[in-house]
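Have a look at the structure below, then the notes.
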Protein chains: 2
Amino acid sequence: MTYADLMSEPKRRNKAATRSALLEAARRRFTEHGYDGTGVRDIAADAGVDATLIFRYFGSKQALFAEAVRVEVPEGLGRGRRSDPAALVDALLREVVFTDRPEPGAEHPLFVMLRSAGRPEVRAQLREQVCGEYLAEFTGRLQGADAELRAELIGALLVGIGLMRSVIDSPALSEASFEQTRGLVAAMVAALHEAAPH
Amino acid sequence: MTYADLMSEPKRRNKAATRSALLEAARRRFTEHGYDGTGVRDIAADAGVDATLIFRYFGSKQALFAEAVRVEVPEGLGRGRRSDPAALVDALLREVVFTDRPEPGAEHPLFVMLRSAGRPEVRAQLREQVCGEYLAEFTGRLQGADAELRAELIGALLVGIGLMRSVIDSPALSEASFEQTRGLVAAMVAALHEAAPH
DNA sequence: TCGTAAAGTCAACAGTTGATGACTTATGCT
DNA sequence: AGCATAAGTCATCAACTGTTGACTTTACGA
């Protein structure tokens, strides 16, 4: 894509195009090799430009990472603001956990960050997104004494599944389809609701 | 500890002692800063010796990491070879997931690896330990068509909880005690058993 | 067509990285 | 006491890191 783009039109100068080429190359590299395993020269080479443009356009490698990996929380998460928590889980499982197989670059940014979680700044960004955006959705929809704890357990399950597939690459979960998994996950989440409020 | 050790007995040459001092320093550093965030000179300085000894005694930084972070699967995991899967989950939750708070260095190696999962070799080691040693325990105790998938879902839940506490540092799960959590986790796992074999 | 501002490149720096080989110092046996 | 061997150290390498400023080339409006 980047290749073809730059080959068809030999060397057309275009700031916006270069910027997004850099961004896409960064996403791929970071996804595959993590933050520390990726050098600015690698990214620039993939994008077909000079490495110094990274600093021109983004300021620093860290800032490029942050922007490359930033993700907006999906708008209509569980189809409607006050929907069933179970529907929300199902939607999240489908849309974020099971949207990471096909090719690197299509993997969800959450797990890209997970793979680069050695850096404190990356951890901070990860915490902000997971807690501030995703978990909040659950806490709002749950009721009872330990709603927050139960919300985080759901989050842990989802993140754990993604982790098993994305970084550990465990056999069964990696091969399993969304349809095979959703029923089991739903059962686990349902049990959490039915558990007596202590 | 390392400090006092070497200060009390000014400079006693002892290969075994130096080796394990290096190993302990490595564990602490890797735990806190991850693989890439830790240099061999940092480790050696903490251990109070020269960095070149790392290569003398371990061969390479990677080999030191592998040895520092290697963990033997706890012997009597669920108290007895053929025990209830629920008891196994409870034991694992207590012994590996909830044994990571107090101080760095006491954190479970599994999560140290998780935080350094950018490196492919670390991922390989992680997969080997999780799949080969821990998950096998579950698969053996479960029955039904999709035993393996259900085993990995249990693993995902446990790993996810550990991750929430260890790298994401989510509020509720990080503060929660083992006693507060075990009941909810047990309920989720039980639901998995009762789910019809498809 | 020409000139100017933007887009892209080059060379280089200062620091760090893992790793090696030759060197020095202490230890323990005879 | 003296010597061989092991334990520890020093200087150094070569590669790579993110980042910077000055330089060259292209695009585009006048």
Side-chain angles (χ1 to χ4, degrees), chain A residues 2-3 5-26 29-30 32-69 116 118-122, chain B residues 2-3 5-26 29-30 32-69 116 118-122:
Chain A
T2 303
Y3 260 64
D5 251 339
L6 293 179
M7 286 315 239
S8 61
E9 221 170 295
K11 271 184 185 177
R12 191 76 177 159
R13 292 194 165 180
N14 183 341
K15 177 172 178 174
T18 300
R19 220 190 101 101
S20 66
L22 237 17
L23 216 44
E24 189 192 345
R29 279 275 174 183
F30 285 138
E32 207 158 351
H33 305 101
Y35 184 86
D36 290 295
T38 301
V40 291
R41 289 164 177 84
D42 302 325
I43 299 172
D46 284 4
V49 298
D50 193 89
T52 58
L53 289 185
I54 288 178
F55 303 96
R56 245 190 222 306
Y57 293 160
F58 301 94
S60 69
K61 178 191 177 185
Q62 170 61 39
L64 169 59
F65 179 87
E67 184 163 340
V69 100
S116 299
R119 298 268 153 173
E121 325 90 68
V122 175
Chain B
T2 303
Y3 261 64
D5 249 341
L6 293 179
M7 285 317 237
S8 61
E9 220 171 294
K11 271 185 186 178
R12 191 76 177 156
R13 291 192 166 181
N14 183 341
K15 176 172 178 173
T18 300
R19 222 190 99 102
S20 66
L22 236 19
L23 217 43
E24 191 191 344
R29 280 275 175 181
F30 284 139
E32 207 157 353
H33 304 102
Y35 183 85
D36 290 296
T38 301
V40 292
R41 289 164 177 83
D42 302 325
I43 298 172
D46 285 3
V49 298
D50 193 89
T52 59
L53 290 185
I54 287 178
F55 302 98
R56 244 188 223 308
Y57 293 159
F58 300 93
S60 69
K61 178 191 177 186
Q62 170 61 40
L64 169 60
F65 179 86
E67 184 162 340
V69 100
S116 301
R119 296 268 156 177
E121 324 91 68
V122 175

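Values below: all heavy atoms of this structure, side chains included; hydrogens, waters and symmetry mates excluded. Just so we're on the same page: letters track the sequence lines, and every chain starts at 1.
If you check every strand for non-hydrogen atoms under 4.0 Å, B:Phe58 touches nothing.
In this view, A:Ser60 satisfies the side-chain hydrogen bond (donor to acceptor under 3.5 Å, both in side chains) rule with no residue, not counting sequence neighbours. In this structure B:Glu121 satisfies the salt bridge (charged side-chain N to carboxylate O under 4.0 Å, His left out) test with no other residue, sequence neighbours excluded. Listed by chain and residue number, B:Thr52 satisfy the side-chain hydrogen bond (donor to acceptor under 3.5 Å, both in side chains) test with B:Asp50 (two or more places apart in sequence, or in another chain). Checked against ring pair (Phe, Tyr, Trp, His ring centres under 6.0 Å), A:Tyr35 has the following partners two or more places apart in sequence or in another chain: A:Phe30, A:Phe65.
Residue B:Asp50 contributes atom CG, which lies 15 Å from atom P of D:dT12 at whole-angstrom precision. Across the protein-nucleic acid pair, A:Lys15 atom NZ and C:dA7 atom P stand 5 Å apart, rounded to whole Å. Taking atom CZ on A:Arg19 and atom C1' on C:dG8, their separation rounds to 16 Å, with Å as the unit. Atom CG in B:Leu53 sits about 16 Å away from atom P in C:dG21, given to the nearest Å.
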Taking it one step at a time, do A:Phe55 and A:Val40 satisfy side chain to side chain contact (heavy atoms under 4.5 Å, CB included)? CA-CA 9 Å; A:Phe55 303 96; A:Val40 291; 4.0 Å; yes
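Under 4.0 angstrom from either OP1 or OP2 of C:dA7 there lies no side-chain N or O belonging to A:Tyr57. Phosphate proximity of C:dT27 to B:Arg12: present, with a side-chain N or O under 4.0 Å from OP1 or OP2.
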For nucleotides 12-19 of chain C, read 5' to 3', which letter fits each nucleotide if B means a protein heavy atom sits under 4.0 Å from the base, S means only the sugar-phosphate is that close, and - means neither? B----BBB
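You'll find a donor-acceptor pair under 3.5 Å spanning the side chain of B:Arg13 and the base of C:dT25, going by distance alone.
A:Asp36 and A:Lys61 make their closest contact through CA-NZ, 4.4 Å (heavy atoms, listed as atom of the first residue, atom of the second, distance).
With D:dA7, D:dG8, C:dG8 as the candidates, the nucleotide lying closest to the side chain of B:Thr18 is D:dG8.
Over its length, the helix from C:dT1-D:dA30 to C:dC13-D:dG18 turns its helix axis by 10°, as judged from the five terminal pairs at each end, rounded to 10°.
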